[in-house]
Asker: 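The structure's right below; bear with me while I get my questions together.
Whatever order the structure lists ligands and atoms in, that order sets their numbers, starting from 1. In what follows, residues are counted from 1 in the order of the sequence shown.
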Amino acid sequence: MESRTYTAEATPGDRVTLAGWVHEIRDLGGIAFLILRDTTGKIQIKFEKDAMDDELVETGLNVHRESVITVTGDVEEEDRAPTGVEVIPDEIDVLAEADPELPLDPSGKVDAELPTRLDNRTLDLRKEEVKAIFEIRSGMLRGVREQFRSLGCTEINTPKIVATGTEGGTELFPVTYFGREAFMNQSPQLFKQLMVGSGLERVFEIGPIFRAEEHNTPRHLNEATSIDFESAFFDASDAMDACERIVIAAYESVADNCEEQLDALGLADEFEVPEAGFPRLSYEEAIERINATGELDEQLVWGDDLPTEAERALGNDVGEHYFITEWPSEIKPFYIKDTDHDTELSTGFDLMHPRLELVSGGQREHRHEHLIAGFEQQGLEPEAFEYYTKMFRYGMPPHAGWGLGGERLLMTMLGLENIREAVLFPRDRQRLSP
Ligand code: ATP
Ligand code: MG
């Protein structure tokens, strides 16, 4: 199919062979139209029944919607056609006939519920606005990768089958590894840290993380895409700077490369690239502001994690992306370093979108004895992590980094209600296939 022309490139005067899906057939009597759709758009194919070969007309008008066909013919200008051009066919081949009954309607005239859409993702992604989400996802990741490169990072890939978890035992998926117990990795945390002490120094990874989340929520997946960053000789503030640049670059890349897709989602006018200089609130200030909104039934006290309602109340109050810094050490993981001025306070930070948490990060504990003590405080056995802690005895530089949820970035960027809309084939408590 080398000589195939995309519908968007069909120009009056050309003779073309188009290939795509039958979007719609409109039979007006003496004249009929077949709307052919491909990845670039749609085009009108005109049938003048009396003036055309009967067999050709019959093939073109009897084929079921969503069948795959090729159409060869001449492109002509036609002001009344949706794209200003139409094709007068002289040959039509049906390459793959579709069943007359479809599980969902790709023309979008009949709405489908999310589960039906996810069960039939191939058909779902024939809809312009759904396809647009995944083209934007691709555009977003392109911007992220380019920005990481300009920050001097090396892209790495770390194992997803591991011997031990890092973010708390209950969220682990066990797997059987040649008769031994192993787990799906919850985060590349320890591996990326090991790389800042290698010759690479500054790294990023975009890959899956696996979490057996307790509940089904609109913002948790059991397999998510984490955008991870880690750099030697960075402190928490440097890491927040890098984080802000990545988030802004993601938006910029979408604004620059995905205009058509934003338009398909009805976002072309309202899409805004966030402005640099995201506010940085300390955890203490955050709690005070949340309590001051009066939106919680119970006032938060120092040491509490922020419940969903608290995040929402603060998000509404701040109204833009913001960091929460200096979290209590006790509610951050063992690998986060305490601040120099107060061991009750950690260098851990979260980046928040007004709707929800996007990122967790911080400066890491690079001092061997402190790291071992941290493990013990969290009830973890340092021996199980010896592959990791050992390297802290051979020259591990101070370092910092973060993990950004790729789907959460996309869902907040596009205002998607449910995180499942941001994944082709989501994994949740009920869904393991497709
Ligand atoms: P939350 O409190 O919102 O459940 P978390 O604090 O448990 O998130 P982290 O361990 O800090 O998550 O992971 C870093 C980032 O990875 C999160 O800020 C989020 O963007 C993303 N992330 C974590 N877990 C999930 C998940 N189950 N589904 C989608 N994204 C996730
Ligand atoms: Mg977090």
Side-chain angles (χ1 to χ4, degrees), residues 137 140-141 144 160 165-173 183-193 204-230 236 239-240 243-244 246-247 250 278 283 286 304-312 314-315 321-336 346-364 378 400-413 416-431:
R137 182 178 163 124
M140 173 186 98
L141 290 177
V144 165
K160 304 307 159 205
T166 49
E167 317 286 307
T170 56
E171 290 184 357
L172 283 167
F173 283 113
F183 303 97
M184 303 302 293
N185 207 5
Q186 296 168 302
S187 149
Q189 181 64 33
L190 306 187
F191 296 109
K192 66 177 177 174
Q193 281 191 259
F204 79 95
E205 175 166 9
I206 301 177
I209 56 170
F210 303 90
R211 299 194 179 193
E213 299 286 356
E214 202 173 334
H215 305 291
N216 251 337
T217 81
R219 57 206 182 123
H220 288 99
L221 294 161
N222 296 117
E223 177 174 353
T225 308
S226 186
I227 301 170
D228 272 274
F229 168 83
E230 202 69 27
M240 283 188 270
C243 180
E244 184 174 310
I246 292 293
V247 169
F278 300 168
Y283 167 86
D304 287 344
D305 208 347
L306 304 189
T308 312
E309 318 80 74
E311 284 182 8
R312 202 169 301 135
L314 184 56
H321 287 89
Y322 63 100
F323 289 100
I324 304 178
T325 65
E326 302 203 327
W327 286 76
S329 303
E330 62 181 36
I331 55 173
K332 282 290 171 187
F334 64 86
Y335 50 76
I336 301 278
S346 78
T347 60
F349 61 82
D350 281 4
L351 173 66
M352 309 295 296
H353 177 274
R355 279 175 72 190
L356 46 77
E357 176 191 319
L358 293 180
V359 171
S360 282
Q363 186 175 343
R364 318 308 189 181
Q378 286 208 354
W402 41 261
L404 159 62
E407 287 81 14
R408 290 206 184 164
L409 180 59
L410 185 62
M411 107 188 245
T412 49
M413 182 184 281
L416 306 175
E417 286 300 320
N418 192 318
I419 196 165
R420 290 161 185 75
E421 300 225 35
V423 198
L424 286 174
F425 300 107
R427 291 288 169 259
D428 64 26
R429 289 209 146 227
Q430 278 77 40
R431 188 169 288 277

Asker: Strictly under 4.0 Å, does any heavy atom of Arg211 approach an atom of ligand 1?
Answerer: yes
Asker: Restricting to distances shorter than 2.8 Å, give the number of protein N, O or S atoms close to the Mg ion (ligand 2).
Answerer: 2
Asker: Could you report the tightest heavy-atom contact between Thr308 and Arg219, atom names first, then the distance?
Answerer: CG2-NH2, 2.8 Å
Asker: Under 4.0 Å from any heavy atom of Val359, which atoms of ligand 1 are there?
Answerer: 18 (O)
Asker: Under a 4.0 angstrom heavy-atom cut-off, which atoms of ligand 1 come close to Gly403?
Answerer: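 Checking each atom against Gly403, I get 14 (C), 15 (C).
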Asker: Taking only heavy atoms of Ala224, which atoms of ligand 1 are found under 4.0 Å from at least one of them?
Answerer: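 Per the distance check, 28 (N), 29 (C), 30 (N).
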Asker: Do the rings of Tyr283 and Trp327 sit parallel, tilted or perpendicular, given the 30° and 60° boundaries?
Answerer: tilted
Asker: Please work out whether any backbone atom (N, CA, C, O) or any side-chain heavy atom from C-beta onward of Asn222 is under 4.0 Å from ligand 1, and answer side chain, backbone, both or neither.
Answerer: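 Under 4.0 Å from ligand 1, Asn222 contributes no heavy atoms.
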Asker: Who gets closest to atom 16 (O) of ligand 1 by heavy atom: Ser360, Pro333, Gly405, Pro426?
Answerer: Gly405
Asker: Check ligand 1 against Leu221 and write out every atom of the ligand that is under 4.0 Å from a heavy-atom position of the residue.
Answerer: 26 (C), 27 (N), 28 (N), 29 (C)
Asker: Tell me whether Glu171 reaches ligand 1 (any heavy atom closer than 4.0 angstrom to a ligand atom).
Answerer: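 Checking ligand 1 against Glu171, which is what was asked, there is no heavy-atom contact under 4.0 Å.
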Asker: Taking 4.0 angstrom as the limit and counting only heavy atoms of Arg219, give me the atoms of ligand 1 inside it, by number and element.
Answerer: 28 (N), 29 (C)
Asker: Tell me whether ligand 1 is touched by Asp350 - counting only heavy atoms on the residue side and a distance under 4.0 Å.
Answerer: no
Asker: Using distance alone, with no hydrogens and no angle criterion, decide if Asn216 and Arg420 have a side-chain donor and acceptor under 3.5 Å apart.
Answerer: yes
Asker: Checking Lys192 side chain against Ser187 main chain: does a donor-acceptor pair fall under 3.5 Å?
Answerer: no
Asker: Do side-chain atoms of Asp428 reach the backbone of Arg431 as a donor and acceptor pair under 3.5 angstrom?
Answerer: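 Yes, because the side chain of Asp428 sits within donor-acceptor range (under 3.5 Å) of the backbone of Arg431.
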Asker: Measuring from Leu356:CG to Asp350:CG, what's the distance to the nearest 0.5 Å?
Answerer: 11.5 Å
Asker: Look only at interatomic distance and state if Leu358 has a nitrogen or oxygen under 3.5 Å from any nitrogen or oxygen of ligand 1.
Answerer: yes
Asker: Can you tell me how far CZ of Phe349 sits from CD1 of Ile324, rounded to the nearest 0.5 angstrom?
Answerer: 12.0 Å
Asker: So, regarding Arg408 and ligand 1 (criterion: nitrogen or oxygen to nitrogen or oxygen, under 3.5 Å), is there a contact or not?
Answerer: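 Yes, at least one N or O pair falls under 3.5 Å.
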Asker: Out of curiosity, Glu311 CD to Glu357 CD, how far, rounded to the nearest 0.5 Å?
Answerer: 6.0 Å
Asker: With respect to His220, which candidate in Arg408, Arg429, His215 satisfies the side-chain hydrogen bond (donor to acceptor under 3.5 Å, both in side chains) definition?
Answerer: Arg408
Asker: Would you call the rings of His321 and Phe278 parallel, tilted or perpendicular if under 30° counts as parallel and over 60° as perpendicular?
Answerer: parallel
Asker: State the CG-CG distance between Asn185 and Leu190, to the nearest 0.5 angstrom.
Answerer: 7.5 Å
Asker: Considering both backbone and side-chain atoms of Ile209, is one of its nitrogen or oxygen atoms within less than 3.5 Å of a nitrogen or oxygen in ligand 1?
Answerer: no
Asker: Which option out of His215, His220, Glu214 puts a heavy atom nearest to atom 4 (O) of ligand 1?
Answerer: His220
Asker: Residues in side chain to side chain donor-acceptor pair (under 3.5 Å) with Arg364, at least two apart?
Answerer: Glu230
Asker: Strictly below 4.0 Å, N to O, side chains only: are Glu205 and Lys160 in salt-bridge contact?
Answerer: yes
Asker: Which ligand 1 atoms does Ile419 reach within 4.0 Å, using its non-hydrogen atoms?
Answerer: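 Those atoms are 29 (C).
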Asker: Salt bridge or not between Glu407 and Arg137? Use side-chain N to carboxylate O under 4.0 Å.
Answerer: yes
Asker: Considering only heavy atoms of Glu357, which atoms of ligand 1 have at least one such atom less than 4.0 Å away?
Answerer: 2 (O), 5 (P), 6 (O), 8 (O), 11 (O), 12 (O), 17 (C), 18 (O), 20 (O)
